[in-house]
Amino acid sequence: SDVWQGIESVTKAKQFAAIFRCSEDESEIYTETAFDWEESGLWAKLEQHFSKLDQDIRWMIVNLPYKTNSGGKRNKVVFVTWVPDTLVRPSMRESVRIKFNGVQYGGPMRSHVAADAVTLYQSNDLDDLTLDAVLAKVSRFERDGINLESLAQLH
């Protein structure tokens, strides 16, 4: 499907990120947009896209390469669920929470990437989608911390 092709493209580092959304009738999920690797400004382009999000749920997968403070190279795939606080359909919010747990605890995504290479993250407002907020989540799993200079390509 379109979604699994998008996920595979990001997990295999062919693309930097992909954003998915539900169709109007909520019968399927499709790729809304994808972001290719570029020299710089990758996260800024994502934030620009985030600022235009309406109040519908989105899913995003980002390939986040970085170095630790001790020089080790790492690559995390960050799977983000965007569920705005202003979502007025509580049943949809609950449905997303259940589906997100399915992905987190052994869903089909686990067959595409190593378990320790995935960080799952739920965001509810635009402040949750900043690079600093996402790095704070990812860095919780690094003993050595993240070398912020290694993220120059993202800024």
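Hydrogens, waters and symmetry mates play no part in the numbers below; they use all other heavy atoms, side chains included. If you read the sequence from its start, that first residue is 1, and numbering goes on from there. Quantities reported herein were computed from a predicted structural model and do not represent experimental measurements.
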Asker: Assess the side chains of Asp144 and Ser70: does a donor N or O sit below 3.5 Å from an acceptor N or O?
Answerer: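 Yes - a donor-acceptor pair under 3.5 Å links their side chains.
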Asker: Would you check if Asn63 and Trp37 make a side-chain contact, meaning some heavy-atom pair closer than 4.5 Å?
Answerer: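 Yes, their side chains come closer than 4.5 Å.
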Asker: To check you understand the geometry: which heavy-atom pair defines the closest contact between Phe35 and His49, and what is its length?
Answerer: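 Nearest pair, atom of Phe35 first, then His49: CZ-CB, 3.9 Å.
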Asker: With heavy-atom distances below 4.5 Å as the criterion, would you say the side chains of Leu129 and Asp127 are in contact?
Answerer: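 Not touching, per the 4.5 Å side-chain cut-off.
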Asker: Nearest 0.5 Å, what's the CZ-CD1 distance between Arg21 and Ile57?
Answerer: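 Atom-to-atom, Arg21:CZ and Ile57:CD1 are 10.5 Å apart.
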Asker: To the nearest 0.5 Å, how far apart are CZ in Arg140 and CG in Leu135?
Answerer: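 Here the interatomic distance stands at 13.0 Å.
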Asker: Nearest 0.5 Å, please: how far is CG in Asn69 from CZ in Arg143?
Answerer: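 So the gap between those two atoms works out to 13.5 Å.
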Asker: CZ of Arg58 to OG1 of Thr81: how many Å apart, nearest 0.5 Å?
Answerer: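 So the CZ of Arg58 and the OG1 of Thr81 are separated by 12.5 Å.
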Asker: So do the side chains of Tyr66 and Lys73 get within less than 4.5 Å of each other, counting heavy atoms only?
Answerer: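 In short, these two side chains do not touch, never coming nearer than 4.5 Å.
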Asker: Would you name the heavy atoms of Trp43 and Thr130 that are closest together and state the gap between them?
Answerer: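 Heavy atoms only, the tightest pair is NE1-C, 3.6 Å.
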Asker: Side-chain contact, heavy-atom cut-off 4.5 Å: Phe20 with Met60?
Answerer: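 Heavy-atom side-chain distance check fails, nothing below 4.5 Å.
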Asker: Report the distance from atom CD1 of Ile19 to atom CH2 of Trp82, rounding to the nearest 0.5 Å.
Answerer: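 Ile19 CD1 to Trp82 CH2: 11.0 Å, rounded to 0.5 Å.
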Asker: Between Leu64 and Asn75, does the side-chain contact (heavy atoms from CB on, under 4.5 Å) criterion hold? Intermediate values first, please.
Answerer: CA-CA 6 Å; Leu64 189 62; Asn75 199 60; 5.9 Å; no
Asker: I'd like to know if the side chain of Thr68 and the backbone of Glu142 have a donor-acceptor N/O pair within less than 3.5 Å.
Answerer: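 No; zero donor-acceptor contacts below 3.5 Å.
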Asker: Taking side chain as C-beta onward, heavy atoms only, is Val78 less than 4.5 Å from Val138?
Answerer: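 Contact flag for Val78/Val138 side chains = yes.
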Asker: Is there side-chain contact between Trp59 and Val80, with at least one heavy-atom pair below 4.5 Å?
Answerer: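 Contact flag for Trp59/Val80 side chains = no.
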Asker: Heavy-atom distance under 4.5 Å between the side chains of Lys67 and Arg74, does that happen here?
Answerer: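 No, every pair of side-chain atoms sits at 4.5 Å or beyond.
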Asker: If you look at every heavy atom in Ala136 and Ser139, which pair is closest and at what distance?
Answerer: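 Scanning both residues completely, I find the closest heavy atoms to be O-OG, 3.2 Å.
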Asker: State, yes or no, whether a side-chain contact exists between Leu46 and Phe16 at a heavy-atom distance under 4.5 Å.
Answerer: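 The answer is yes; the side chains approach within 4.5 Å.
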